[in-house]
Amino acid sequence: MSILKLKPGFKDYLWGGHRLVEEFGKDYDGEILAESWELSCYPDTPSTIVNGVHAGKTLRQYIKEAGKDVLGTNCARFEDFPILVKLIDAKEDLAVQVHPDNDYALKNEGEYGKTEVWYVVDAVENASLYFGFQREISREEFAKRIEENTLSEVLQSVPVKKGDVFFIEAGTIHAIGKGMLIAEVQQNSNLTYRVYDYGRVGADGKKRELNIEKALDVAKRGPVARNNFYPHVADCDYFTVDKLNLDGSVMGEMRGCVSDASFMNILILDGHGTICNYEEKLEFQKGDSFFLPAGSGNYRIEGVCDGLITTIRKEKV
């Protein structure tokens with residue numbers, strides 16, 4: 001079995017909506033589904049294999065049993081599974097936040113930091129997000145504006161439309177705005193330092209924790225340039241993301257080979273079709289996610305679809 005279809009883990013954060021159930025067919029019966037973790041080895045929110053002889057196992061269990069060779073030689077430098085792939089439904093604004101880099105996170109939290117990329121799957125009219133600062137500010141001004149609830153006055157608000165890409169390097173202040181559906185590929189970390197959360201309270205009736213001192217330590221306090229990784233959607237030492245787009249006629253199929261260098265994740269954002277590898281052939285639809293182990297060889301994707309393909313390349317020296 002070399003094409004593993006995955007069932008995601010779920011998060012019901014208070015800012016989420018219900019579009020991942022209604023539009024992406026997620027098997028979830030709660031009122032709020034904020035995130036579906038489509039490719040995850042995270043202990044409390046793993047994705048689970050649903051087909052073949054490994055059905056019922058978490059992805060983490062499968063990798064432990066099969067051995068790290070299924071991740072590929074480019075992943076040998078990582079102690080654990082390197083990435084996390086999500087779908088995010090932001091019915092309301094997310095908290096303004098920042099993520100630490102590896103050095104700070106390992107020293108202070110005992111896990112890796114978090115660099116990520118957002119691909120905008122959908123956005124309402126006039127949607128926007130926060131991405132860095134309008135200008136350079138001092139640590140003192142940063143702290144004062146957090147205290148006085150005026151931080152938004154110096155944040156860079158960026159209009160957003162379907163298909164936009166934002167590379168969020170560790171240390172970048174950011175916040176997803178309401179009315180957006182996001183596909184996110186990130187380092188395998190859940191470290192977030194919140195600095196502003198609109199005064200919201202959680203299910204326990206208490207305001208959610210802010211992490212102001214740590215955010216002051218790690219935030220880059222200035223403007224951020226939009227990256228262009230052409231021909232990739234995104235490319236860094238932690239992940240490479242490419243676009244899958246088939247129109248069913250001019251581009252009716254895509255062929256490739258999964259070498260022993262890296263596993264591959266395919267996340268279907270829209271449409272339907274089939275994916276095959278040797279004698280295996282699986283149908284897919286909007287919202288499906290697949291794990292192809294390193295060394296699994298040739299594959300072919302046919303149909304009418306939009307998607308993202310994620311792999312791990314060699315680390316640049």
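What you see is a predicted model; the values in this text were computed from it and never measured. Residue numbers run from 1 in the order of the sequence given.
A 4.5 Å side-chain heavy-atom check between Asp93 and Ile176 finds every atom pair outside the cut-off. For the pair Ile83/Thr310, a side-chain contact is recorded, criterion being any heavy-atom separation below 4.5 Å from C-beta on. In this structure, the side chains of Val195 and Ile173 come closer than 4.5 Å at one or more pairs of heavy atoms. You'll find the side chain of Leu59 stays beyond 4.5 Å of the side chain of Thr48, heavy atoms only. You'll find the side chain of Arg77 reaches within 4.5 Å of the side chain of Ile312, heavy atoms only. Residues Glu111 and Leu191 form a side-chain contact, since some pair of their non-hydrogen atoms from C-beta on lies under 4.5 Å apart. Counting heavy atoms from C-beta on, the side chains of Thr240 and Asp235 come closer than 4.5 Å. Between His174 and Glu116, some side-chain heavy-atom pair lies under the 4.5 Å cut-off.
Ion pair Arg19/Asp122 flagged as a salt bridge, since at least one NZ, NE, NH1 or NH2 atom sits closer than 4.0 Å to an Asp/Glu carboxylate oxygen. Ionic pairing of Asp288 and Lys5 is present here: one or more N-O contacts between side-chain nitrogen and carboxylate oxygen are shorter than 4.0 angstrom. With respect to Lys314 and Asp237, no salt bridge is recorded, no charged nitrogen being found less than 4.0 Å from a carboxylate O. Taking a cutoff of 4.0 Å between a charged side-chain nitrogen and a carboxylate oxygen, Lys11 and Asp44 qualify as a salt bridge. One finds no salt bridge joining Lys144 and Glu140 here, because no Lys/Arg side-chain nitrogen approaches an Asp/Glu carboxylate oxygen to under 4.0 Å. Ion pairing of Asp80 with Arg60 is present here, as a side-chain N (NZ or NE/NH1/NH2) and a carboxylate O approach within less than 4.0 Å. Between Arg255 and Glu253 there is a salt bridge, since a side-chain N of the basic residue sits under 4.0 Å from a carboxylate O of the acidic one. Under the 4.0 Å criterion applied to side-chain N and carboxylate O atoms, Lys26 and Glu38 are assigned as salt-bridge partners.
Remark: Ser289 OG to Ile268 CD1 distance equals 8.5 Å, nearest 0.5 Å. From Leu151, atom CG reaches atom CD of Glu141 across 9.5 Å, with rounding to the nearest 0.5 Å. Taking CG from Asn265 and CG from Leu6, the interatomic distance works out to 7.0 Å, rounded to the nearest 0.5 Å. Here SG of Cys41 is found 4.0 Å from CD1 of Ile63. Values are rounded to the nearest 0.5 Å. Taking OH of Tyr196 as the start and OG of Ser152 as the end, the distance is 6.5 Å to the nearest 0.5 Å. Distance check, rounded to the nearest 0.5 Å: CG of Asp260 to CG of Asp69 gives 8.5 Å.
For the residue pair Gln187 / Asn102, a side-chain donor-acceptor distance below 3.5 Å is found, with atom types taken as modelled. Between the side chains of Tyr104 and Asp217, a donor-acceptor pair is found at a separation under 3.5 Å. For the residue pair Ser262 and Asn74, no side-chain donor N or O sits within less than 3.5 Å of a side-chain acceptor on the partner.
In this structure, the side chain of Asn51 engages the main chain of Ile3 through a donor-acceptor pair within 3.5 Å. Between the Arg139 side chain and the Leu216 main chain, a donor and an acceptor come within less than 3.5 Å of each other. Looking at Asn245, its side chain never comes within 3.5 Å of a backbone N or O of Gly307 through a donor-acceptor pair. Without hydrogens or angle criteria, Arg300 side chain to Gly256 main chain gives no donor-acceptor distance under 3.5 Å. Checked by atom type and distance alone, the side chain of Arg145 pairs as donor or acceptor with a backbone atom of Thr150 at under 3.5 Å. Judged purely by atom type and a 3.5 angstrom limit, Ser40 has no side-chain atom pairing as donor or acceptor with the backbone of Trp37. The main-chain N or O of His18 is found under 3.5 Å from a side-chain atom of Asp89 such that the two form a donor-acceptor pair. Between the side chain of Asn211 and the main chain of Lys214, no donor-acceptor pair closer than 3.5 Å is present.
Taking both residues in full, the closest heavy atoms of Ala215 and Phe142 are given as O-CE2, 4.1 Å, listed atom of the first, atom of the second, then distance. Looking at every heavy atom in both residues, Gly252 comes nearest to Asp247 through N-OD1, 4.3 Å. Contact record, Pro293 with Ser2: CD-O, 3.2 Å, taken as the closest heavy-atom pair. Counting all heavy atoms, side chain and backbone alike, Asn277 lies closest to Ser296 at ND2-O, 3.0 Å. Of all heavy-atom pairs spanning Pro159 and Ser157, the tightest one is CD-O, 4.0 Å. Of all non-hydrogen atoms in Ser189 and Gly113, the two that sit nearest each other are CB-O, 3.2 Å.
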Below 3.5 Å, can you tabulate the donor-acceptor pairs from side chains in residues 164-172 to any protein atom, sequence neighbours excluded?
residue : atom : partner : partner atom : Å
Asp164  : OD1  : Lys161  : NZ           : 3.0
Asp164  : OD2  : Lys161  : N            : 2.9
Thr172  : OG1  : Glu169  : O            : 2.8

Show me the donor-acceptor pairs, under 3.5 Å and distance only, between side chains in residues 123-134 and residues at least two apart or in other chains.
residue : atom : partner : partner atom : Å
Gln134  : NE2  : Glu153  : O            : 3.2
Gln134  : NE2  : Leu155  : O            : 2.9

Original post:
Which is it for Lys286 and Asp306 under the salt bridge (Lys or Arg N to Asp or Glu O under 4.0 Å) test, yes or no, and what are the steps along the way?
Top reply: CA-CA 9 Å; Lys286 182 176 180 176; Asp306 250 335; over 6 Å; no
**OP:** Dump the intermediate steps for side-chain contact (heavy atoms from CB on, under 4.5 Å) on Thr45 and Phe10, then the final yes or no.
**Re:** CA-CA 7 Å; Thr45 316; Phe10 299 122; 5.9 Å; no
Original post:
How far apart are the C-alpha atoms of Arg208 and Asp197, what are their side-chain angles, what is the distance that settles it, and do they pass the salt bridge (Lys or Arg N to Asp or Glu O under 4.0 Å) test?
Top reply: CA-CA 8 Å; Arg208 296 201 297 173; Asp197 196 31; 2.9 Å; yes
**OP:** Let me see the working for Phe284 and Cys305 under side-chain contact (heavy atoms from CB on, under 4.5 Å), right down to the final yes or no.
**Re:** CA-CA 9 Å; Phe284 64 76; Cys305 63; 3.8 Å; yes
**OP:** Show your working on side-chain contact (heavy atoms from CB on, under 4.5 Å) between Met264 and Tyr299 and close with a plain yes or no.
**Re:** CA-CA 11 Å; Met264 175 182 288; Tyr299 67 89; 3.5 Å; yes
**OP:** Any chance you could lay out the side-chain contact (heavy atoms from CB on, under 4.5 Å) test for Tyr193 and Val218, step after step, and finish with the verdict?
**Re:** CA-CA 9 Å; Tyr193 298 154; Val218 305; 3.9 Å; yes
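Clustering ILVMFWY residues whenever any of their side-chain heavy atoms sit less than 4.5 angstrom apart, transitively, puts Leu246 in the very cluster that holds Ile266. Under the 4.5 Å side-chain heavy-atom criterion for ILVMFWY residues, a single connected hydrophobic cluster contains both Phe239 and Phe81. Follow the hydrophobic side-chain contacts under 4.5 Å out from Trp118 and you never reach Leu181; the two are in separate clusters. Val85 and Phe78 fall within a single hydrophobic cluster, where Ile, Leu, Val, Met, Phe, Trp and Tyr are joined by side-chain heavy atoms under 4.5 Å apart, directly or via other members. Hydrophobic cluster membership is shared by Tyr198 and Ile146, with clusters built from Ile, Leu, Val, Met, Phe, Trp and Tyr side chains linked at under 4.5 angstrom.
A side chain to side chain contact (heavy atoms under 4.5 Å, CB included) with Val233 is found for one member of Val185, Ile309, Val241, Asp242 and no other, namely Val241.
Taking the ring axis of Tyr62 as reference, the NZ or CZ atom of Lys57 does not stay both within 45° of it and closer than 6.0 Å to the ring centre. The cationic group of Lys178 does not satisfy the cation-pi geometry with Trp15, failing either the under 6.0 Å distance to the six-membered ring centre or the 45° limit from the ring axis.
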